[in-house]
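Keep in mind that the numbers below use all heavy atoms, side chains included, and drop hydrogens, waters and symmetry copies. We count ligands from 1, going down the list as the structure has it; atoms in each ligand are counted the same way.
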Amino acid sequence: MSDPIRLGIAGLGTVGAGVVKIVRQKAPLLEARSGRPITISAVSARNREKDRGVSLAAYDWEDDPVTLATRDDVDVFVELVGGSDGPAKAAVEAALKAGKDVVTANKALLAHHGQALAQLAEENGCVLRFEAAVAGGIPVIKALTEGLAGNDILRVMGVMNGTCNYILTRMESGGLTYDEAFAEADALGFLEADPELDVGGIDAGHKLALLASIAYGTQVAFNAVELEGIGRVTIDDIRQAADMGYKIKLLGVCRMSGRGLEQSMSPCLVPASSPLGQLDGGTNMVVIEGDQVGQIVMRGAGAGEGPTASAVMGDVMDIARGTRLTTFGAPASKLVAATPAQAATPAPYYLRMALADKPGALAKVASALGEAGVSIHRMRQYNHVDNTAPVLIVTHKTTRAALDAALAAIPATGVVQGDPVALRIEEV
Ligand code: HSE
């Protein structure tokens, strides 16, 4: 019989407990598929007494994840502690320096320290895998690193924060305000301990930065992700975008153009009839476009015990089978520093503004757009209430610079109440 592959699991929250359950309940299946027994030597978490719905009696307990990571009877260190620094980083570094392979679900850690950790893994002849860090149970890292390795990647798009998608969906389906939908997500336990990670787009931005690195052979550049959360999206935007045939999604987009690497995570409009437009609730979707394969759409649970533990086990199984991939799909020393694009690819934009009921008001707005070089594609005006009327404009493709020039000129027209809302429309 082949030697077992022995895990040390740090972090016994939802995902950690899920991994322990899979290892215990599916031992024959895992061994049959990998050719080796998968065992757990020791575990670690903050609270030893907590009931996790699974027996830990057979495993040694370590209070310190660094001690766990470097034990002689641990072959693979499974890091499920979370956080970009602190014990998670210390333990992953210690594991790699001790020659252990590492599997992690920690997007923040890799978004901030991915390049250094990938180098450390390679210097020590170790594997560092992170399927569970991006889009939960969807095997998108595997798809991009392995299945699509023969493609030039043209664009990667994704709805990769289920909490934001839940909030936006409930605003639309339930007619809830942002605050009401946020409170509902909170009551359901969807929000991260720091909700800004979800609604500020940070969690999804971490994931996008990891995908961009694999897609374009660049060092992870989270700081170059253009980030905007969903806090400014209103029920009016959702309803009126729907009226123009669109849904609003917190959408990640990355592509490499002549301008450099574009990475954005922001509320965008997508056609309501597209797969992304039809993605409701807390689900994730990643769309990858390759020059040979065309468009691939992957949809599934982005969080939760089973889906995330499934992704962790996929990485463990690869290691058990002897599959030794580089962290970001190319040797760490060959990953180039990303040159962030100074300007986004031209796109159509959706504009919403409250227009005064005065003769010539619309002409003044049209003229501000026209003088900035922004051309109107479609337009709709609704009934006046209190002497203003909501006006929606869909522009032709334009640069963000031209749009910003138009937005800067609009207040001076004196016919628009408040600031216009401008959202990018992603053609999918
Ligand atoms: N909080 C994330 C989400 C899951 O709502 O999708 C973990 O990244």
Side-chain angles (χ1 to χ4, degrees), residues 11-19 78-85 88 103-114 129-141 156-171 178 181-212 220 222 225 227-231 233 248-253 263 265-268 276 279-287 298-315:
L12 293 169
T14 310
V15 182
V19 171
V78 180
E79 187 277 301
L80 304 170
V81 174
S84 61
D85 292 276
V103 172
T104 177
N106 191 336
K107 59 229 80 174
L109 174 71
L110 289 174
H112 289 282
H113 306 293
R129 305 298 303 149
F130 60 94
E131 185 65 76
V134 181
I138 303 176
V140 59
I141 301 296
V156 180
M157 293 179 283
V159 170
M160 296 185 286
N161 184 279
T163 305
C164 287
N165 206 50
Y166 179 84
I167 290 172
L168 294 173
T169 302
R170 287 294 293 141
M171 286 172 75
Y178 172 81
F182 180 97
E184 199 175 280
D186 196 13
L188 290 165
F190 287 176
L191 286 158
E192 299 278 340
D194 173 5
E196 196 53 25
L197 287 174
D198 286 316
V199 297
I202 300 163
D203 164 83
H206 287 155
K207 296 167 183 169
L208 184 78
L210 301 181
L211 294 182
V220 183
F222 169 66
V225 177
L227 269 188
E228 187 189 334
I230 60 170
V233 176
I248 299 180
K249 297 287 168 195
L250 179 67
L251 186 70
V253 181
Q263 305 178 89
M265 181 58 68
S266 58
C268 288
L276 283 164
L279 185 75
D280 287 336
T283 316
N284 282 198
M285 181 175 284
V286 183
V287 179
M298 303 175 84
R299 171 188 186 140
E305 178 179 310
T308 315
S310 159
V312 170
M313 285 311 298
D315 283 341

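Scanning all protein heavy atoms for the shortest distance to atom 5 (O) of ligand 1 gives Thr163 OG1, 2.5 Å.
Within the listing of ligand 1, atoms 2 (C), 7 (C), 8 (O) sit less than 4.0 angstrom from a heavy atom of Asp203. Numbered from 1 in the order shown, with element, the atoms of ligand 1 that lie under 4.0 Å from a heavy atom of Lys107 read 7 (C), 8 (O). Atoms of ligand 1 found under 4.0 Å from any heavy atom of Glu192, numbered from 1 in the order shown, are 1 (N), 2 (C), 4 (C), 7 (C), 8 (O).
Here's the thing with Gly162: one of its N/O atoms is less than 3.5 angstrom from an N/O atom of ligand 1. Of the polar atoms of Asn284, none of the N or O atoms is found under 3.5 Å from an N or O of ligand 1, judged by distance alone.
Note: Ile202 CD1 to Lys107 NZ = 13.0 Å, rounded to the nearest 0.5 Å. Atom CG of Asp203 is separated from atom CG of Leu197 by 6.5 Å, given to the nearest 0.5 angstrom. In this structure, Met313 CE and Glu131 CD are separated by 13.5 Å, a value rounded to the nearest 0.5 Å.
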For this session: For side-chain contact (heavy atoms from CB on, under 4.5 Å), just list the numbers for Phe130 and Leu109, CA-CA rounded to whole Å, side-chain angles, deciding distance to a tenth of an Å, and then say yes or no.
Result: CA-CA 10 Å; Phe130 60 94; Leu109 174 71; over 6 Å; no
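Side-chain atoms of Thr104 and Glu79 include a donor-acceptor pair closer than 3.5 Å.
Partners of Asn284 under the side chain to side chain contact (heavy atoms under 4.5 Å, CB included) rule, at least two apart in sequence or in another chain, are Ala135, Ile138, Met160.
Contacts between Asp198 and ligand 1, counted as non-hydrogen atom pairs separated by less than 4.0 Å, involve the side chain only.
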